2 protein chains.
Amino acid sequence: MLFRPNPSSGVPIYLQLMEQVKHNIETGALRPGEQLPGIRPLAEELVINPNTVAKAYRELEHEGVIELRHGAGAFVSANARKEQTEKLRAAQAMVAATVEKLQARGITGQEIRRLFEAELTKSSVTGGHSD
Amino acid sequence: MLFRPNPSSGVPIYLQLMEQVKHNIETGALRPGEQLPGIRPLAEELVINPNTVAKAYRELEHEGVIELRHGAGAFVSANARKEQTEKLRAAQAMVAATVEKLQARGITGQEIRRLFEAELTKSSVTGGHSD
DNA sequence: TAAACTGTACTACTGATATAGCACAGTATT
DNA sequence: AATACTGTGCTATATCAGTAGTACAGTTTA
């Protein structure tokens, strides 16, 4: 479970933590229903702020990977490997494939990011122009 | 050529401008070799800062879409519709298809963004974990 | 060469995000 | 109920992308 968060990789610590938790669930190191380390202990272990762990946990809960119970703790979702995670896993595989193809065609990561940002915003723009 | 940049759509103005220029090249409104509007006049026309136009132009040059000649002006690249733009167009189509599929599966834009960020950073992280 | 155009470079301001610090609220165990 | 654990919420700080302001450098034309 323990890893070394790299603050200077440009990758947000909470995202690194999320990936780590997911990976541990996939490998079976964390079973459905099992309790995750508390926010404060884990934060102290990783030498990061508890709030950063809390954010990672909250995001994971939003993805349906874990379940947060106020006062009780954080637990691996019962159907973590079944529904939500499976869906995200498929999505992740699709994304990975696309990124891989793009990179193989010589498109830089920066370019890929721009393309996706443009595509995502294209769908979320409220409406047309006012005039 | 003229459009209304929407500062509150969450889409960077310089990106909107880039898309607009590309679109005009695709539709033939701007021909290869043709000179684009100057940075200052265009900025005044769009009621934005000249530097924002400059950034869009610089990015477009980096993509090979246009060519900047210091003191002379900005010109549509001779092979704008052939090589570079075609490549980016294909990439954009690929990205669009992936995003569309993901959204059809109920994945939110925010989730998609996270997935891509994770995937992109996964490729750029220096090494693995130390312990 | 001089003037009026062109793009370029540098610095500053603003807003959003990641992170951190501290106080609050719920749960479990005694 | 009390204590010690758990997650939650609010506020502050640092960093970065986007944007803006201003001064500089190259090109063209008269």
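Throughout, protein chains are lettered first and strands after them, A, B, ... in sequence-line order, and every chain is numbered starting at 1. What you see is a predicted model; the values in this text were computed from it and never measured.
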Mind calculating the distance between CG (L42(B)) and P (dC5(C)) to the nearest angstrom?
16 Å
Expressed as a whole number of angstroms, how long is the span from I39(B):CD1 to dT22(D):P?
17 Å
K55(B) side-chain N/O to dG18(D) phosphate OP1/OP2 under 4.0 Å:
yes
Euclidean distance, atom NE2 of residue H70(A) to atom C1' of dT6(D) [Å, nearest integer]
7 Å
Given dG18(D), is OP1 or OP2 found less than 4.0 Å from the side-chain N or O atoms of T52(B)?
no
Nearest whole Å is fine: how far is dT8(D) C1' from E61(A) CD?
11 Å
Are any of the side-chain heavy atoms of L15(A) and M18(A) separated by less than 4.5 Å?
yes
E44(A), CD atom: more than 12 neighbouring heavy atoms under 6.0 Å:
no
Let me know, please, whether R58(B) or L15(A) comes out on the 5' side of the other along DNA chain C by nearest nucleotide.
R58(B)
Would the distance check show the side chain of Q16(B) and the main-chain N or O of N6(B) forming a donor-acceptor pair, the cut-off being under 3.5 Å?
yes
I'd like to know if the side chain of T52(B) and the backbone of I48(B) have a donor-acceptor N/O pair within less than 3.5 Å.
no
Is there a donor and acceptor pair, one atom on the side chain of N51(A) and one on the base of dG21(C), closer than 3.5 Å?
yes
Please tell me which of the listed nucleotides, dT19(C), dG21(D), dT8(D), lies nearest to the side chain of P12(A)?
dT19(C)
Rounding to an integer number of Å, can you tell me how far L68(B) CG sits from dA25(D) C1'?
15 Å
Does R40(B) place a side-chain N or O at less than 4.0 Å from the phosphate oxygens OP1/OP2 of dA4(C)?
no
Taking atom C1' of dA20(D) as reference, at what distance in whole Å does atom CG of N49(B) sit?
4 Å
Hey, which of these two, I48(A) or G71(A), hits DNA chain C nearer its 5' end, going by closest nucleotide?
I48(A)
Starting at atom OH of Y14(A), determine the distance to atom C1' of dT8(D), rounded to an integer number of angstrom.
18 Å
Which whole-number value in Å describes the distance from L46(A) CG to dT19(C) C1'?
14 Å
Q35(A) atom CD, over 12 foreign heavy atoms within 6.0 Å:
yes
